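Being a predicted model, the structure only gives us computed values, none of them experimental.
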Amino acid sequence: MPERLQCEFSLVRYVPDVVKGEFANIGVLLRAPGPEGLVTVRFTRDWSRVRCIDPGADVAMLESLEEEITQRLHGGVELKVNAKPVLETLEDTLSNSVQLTEMRGTLAESVPAEMEQLLRMYVEPLKAEGGRRKVSGRATIAAELRTAFERAGVWRLMRKRIAASQYTQAGDPLKLDCGYRNGRVRMFQAVSLGNDVEGAKGLAYSAAALREGVARVEGAELELTAVVERISTVSEEEQYRFGVSVMEREAIRVLTVADLGRVAETAKRELHV
């Protein structure tokens with residue numbers, strides 16, 4: 001049997017109300033062996049636990065926090081024995097509602113395998129008997145969008161939570177999920193047509209102003225893409241088709257989650273990864 005690695009890990013917790021003391025584990029921070037061991041962090045892709053204890057949780061902020069921590073870790077955070085401990089180093093990165101537990105030891109076959117095991121044990125929701133509950137809606141589409149770009153190795157190079165107000169007008173609350181520039185500006189937004197079409201109508205309403213603003217601010221053409229669920233997964237087919245037509249009338253490219261692999265490969269090629 002190969003010798004196991006002596007690693008350390010900390011859980012990342014979301015604590016919306018410190019008085020009540022309720023929390024949900026949302027991620028794992030894992031350190032490999034040695035005084036200068038590599039530190040990696042992974043957050044959940046299923047935010048149902050967080051929404052159970054805090055329906056108004058800013059999931060987008062929590063998702064962006066994973067990226068911020070990763071950038072700090074890869075940006076030369078000192079992890080030597082005599083340096084400031086990694087948990088203390090990251091304190092300034094975390095919001096008041098996010099906490100790190102003390103480091104604990106664990107024996108690992110490999111760092112990637114141990115990360116997956118820790119996520120299953122401490123972070124991911126338990127699977128219900130008879131199969132996993134099917135999750136739907138914009139949050140699920142956004143998670144699939146992110147996963148596709150992560151697999152292609154381009155997520156870290158992309159802009160996230162792009163504020164429409166920088167292109168339209170102050171006070172515009174719309175934020176686009178992600179995007180990048182390669183000659184033209186490409187922006188992507190997850191839109192669910194399964195329950196209602198308000199997201200589709202809102203994006204269609206904003207499209208012209210966004211296009212004009214991008215041309216003015218960046219001197220480039222905007223390609224706006226809406227990513228929706230497959231039509232076979234929704235019950236209101238007529239509503240689904242209406243939502244697609246509303247967006248396409250405003251020159252919004254509409255793709256389904258089935259197209260994400262191809263979209264991510266295009267991004268990989270255009271960003272020269």
S.K.: From C7 SG over to M115 CE, what is the distance, rounded to the nearest 0.5 angstrom?
M.R.: 10.0 Å

S.K.: If we ignore hydrogens and angles and just use 3.5 Å, is the side chain of T168 paired with the main-chain N or O of A164 as donor and acceptor?
M.R.: yes

S.K.: To the nearest 0.5 Å, what is the distance between CZ on R31 and CD on E8?
M.R.: 4.5 Å

S.K.: Less than 4.5 Å apart, any side-chain heavy atom of E221 and any of V185?
M.R.: no

S.K.: What is the minimum heavy-atom distance between A264 and A148, and which atoms define it?
M.R.: CB-O, 3.4 Å

S.K.: Would you please test R181 and E218 for salt bridge (charged side-chain N to carboxylate O under 4.0 Å, His left out) and show each step?
M.R.: CA-CA 10 Å; R181 179 168 180 167; E218 301 201 27; 3.3 Å; yes

S.K.: Taking E229 for the side chain and L193 for the main chain, is one N or O donor matched with an acceptor at less than 3.5 Å?
M.R.: yes

S.K.: Within a radius of less than 6.0 Å around CZ of R151, do more than 12 heavy atoms belonging to other residues, nucleotides or ligands occur?
M.R.: no

S.K.: Indicate, with yes or no, if V263 and V257 share a hydrophobic cluster defined by side-chain heavy-atom contacts under 4.5 Å among Ile, Leu, Val, Met, Phe, Trp and Tyr.
M.R.: yes

S.K.: Is there side-chain contact between V227 and L260, with at least one heavy-atom pair below 4.5 Å?
M.R.: yes

S.K.: Is there side-chain contact between E223 and R253, with at least one heavy-atom pair below 4.5 Å?
M.R.: yes

S.K.: Quick check: closest heavy atoms across S10 and M103, and the distance to 0.1 Å?
M.R.: N-SD, 3.9 Å

S.K.: Is any NZ, NE, NH1 or NH2 atom of the basic residue among E67 and R156 found under 4.0 Å from an Asp or Glu carboxylate oxygen of the other?
M.R.: no

S.K.: Taking V197's backbone N and O only, do any of them form a donor-acceptor pair with Y240's side chain (distance below 3.5 Å, no angle check)?
M.R.: no

S.K.: For V191 and A226, which heavy atoms make the closest approach, and how far apart are they?
M.R.: CG2-CB, 4.1 Å

S.K.: Under the side-chain hydrogen bond (donor to acceptor under 3.5 Å, both in side chains) rule, collect the residues that match up with R13, sequence neighbours excluded.
M.R.: N25

S.K.: Do V39 and L30 have side-chain heavy atoms sitting under 4.5 Å apart?
M.R.: no

S.K.: Please evaluate residues T44 and D46 with respect to the criterion side chain to side chain donor-acceptor pair (under 3.5 Å), reporting the C-alpha separation (whole Å), side-chain torsions for both, the decisive distance (0.1 Å), and the verdict.
M.R.: CA-CA 5 Å; T44 184; D46 183 345; 5.7 Å; no

S.K.: Can you get from V50 to L100 by hopping between Ile, Leu, Val, Met, Phe, Trp and Tyr side chains that sit under 4.5 Å apart?
M.R.: yes

S.K.: With a 4.5 Å cut-off on side-chain heavy atoms, are L271 and Y180 touching?
M.R.: yes

S.K.: Do the side chains of R186 and E270 get close enough for a salt bridge, i.e. N-O under 4.0 angstrom?
M.R.: yes

S.K.: Considering all heavy atoms of both residues, which atom of Q166 and which atom of R159 are nearest to each other, and what is their separation?
M.R.: NE2-NH2, 3.4 Å

S.K.: Run the side chain to side chain contact (heavy atoms under 4.5 Å, CB included) test on I26 and L11 for me, step by step, so that the C-alpha distance in whole Å, both residues' side-chain angles and the decisive distance to 0.1 Å come before the verdict.
M.R.: CA-CA 8 Å; I26 61 172; L11 300 177; over 6 Å; no

S.K.: With distance as the sole test, does R138 use its side chain to make a donor-acceptor pair with the main-chain N or O of A190 at under 3.5 Å?
M.R.: yes

S.K.: Hydrophobic cluster membership, with links at side-chain heavy-atom distances under 4.5 Å among I/L/V/M/F/W/Y: are I141 and V254 in one?
M.R.: no

S.K.: Kindly give the heavy-atom pair with the smallest separation between E66 and V41, and that separation in Å.
M.R.: OE2-O, 4.0 Å

S.K.: Ignoring hydrogens and angles, tell me if any N or O in the side chain of D54 forms a donor-acceptor pair with the backbone of R51 under 3.5 Å.
M.R.: no

S.K.: Would you say I162 and C178 make side-chain contact, with heavy atoms under 4.5 Å?
M.R.: no

S.K.: Do Y205 and L210 land in one hydrophobic cluster if side-chain heavy atoms of ILVMFWY residues count as linked below 4.5 Å?
M.R.: no

S.K.: So does L203 get a backbone contact from the side chain of S206, meaning a donor-acceptor N/O pair under 3.5 Å?
M.R.: no

S.K.: Is there a side chain to side chain contact (heavy atoms under 4.5 Å, CB included) between L176 and L224? Walk through the geometry before answering.
M.R.: CA-CA 10 Å; L176 286 303; L224 184 57; 4.0 Å; yes

S.K.: For K160 and D177, what are the C-alpha separation, side-chain angles and deciding distance, and is it a side chain to side chain contact (heavy atoms under 4.5 Å, CB included)?
M.R.: CA-CA 6 Å; K160 294 94 174 175; D177 290 318; over 6 Å; no

S.K.: Kindly indicate, with the supporting measurements, whether the criterion side chain to side chain contact (heavy atoms under 4.5 Å, CB included) is fulfilled by V214 and M187.
M.R.: CA-CA 11 Å; V214 169; M187 294 186 189; 4.0 Å; yes

S.K.: Tell me, do D17 and E22 make a side-chain contact under 4.5 Å, heavy atoms counted?
M.R.: no

S.K.: Checking salt bridge (charged side-chain N to carboxylate O under 4.0 Å, His left out) for the pair K201/E198: CA distance, chi angles, key distance, verdict?
M.R.: CA-CA 5 Å; K201 291 165 67 177; E198 291 305 313; 3.6 Å; yes

S.K.: Look only at the side chain of S97 and the backbone of P16, and say whether a donor-acceptor pair between them is shorter than 3.5 Å.
M.R.: no

S.K.: Give a yes or no on whether the backbone of A251 and the side-chain of R211 come within a donor-acceptor separation of less than 3.5 Å.
M.R.: yes

S.K.: Which value, rounded to the nearest 0.5 Å, describes the distance between S232 atom OG and E237 atom CD?
M.R.: 9.5 Å

S.K.: Identify all side-chain donor-acceptor contacts of residues 242-250 below 3.5 Å with residues at least two apart in sequence or on another chain.
M.R.:
unit_1: S245; atom_1: OG; unit_2: R241; atom_2: O; d: 3.4
unit_1: S245; atom_1: OG; unit_2: F242; atom_2: O; d: 2.7

S.K.: I231 and I252: same hydrophobic cluster, using ILVMFWY side-chain contacts below 4.5 Å?
M.R.: yes

S.K.: Within a strict 4.5 Å, meaning less than it, do heavy atoms of the V12 and F43 side chains meet?
M.R.: yes

S.K.: Okay, side chain of R49, backbone of V123: is any donor-acceptor separation there less than 3.5 Å?
M.R.: yes

S.K.: Looking only at atom types and distance, does a side-chain atom of E114 sit under 3.5 Å from a main-chain N or O of V111, one as donor and one as acceptor?
M.R.: no

S.K.: Using side chain to side chain donor-acceptor pair (under 3.5 Å) as the criterion, point out the one residue from E63, E144, E150, E124 that pairs with R45.
M.R.: E150

S.K.: Please name the pair of heavy atoms, one in A57 and one in Y14, separated by the smallest distance, quoted to 0.1 Å.
M.R.: CB-OH, 3.7 Å

S.K.: For residues 139-161, which residue pairs pass the ring pair (Phe, Tyr, Trp, His ring centres under 6.0 Å) check, not counting sequence neighbours?
M.R.: F149-F188

S.K.: Go through it in stages, so that I can follow the logic: the residues are R230 and T256, the test is side chain to side chain donor-acceptor pair (under 3.5 Å), and I'd like the CA-CA distance, side-chain angles, deciding distance and then a yes or no.
M.R.: CA-CA 6 Å; R230 298 175 180 84; T256 75; 5.3 Å; no

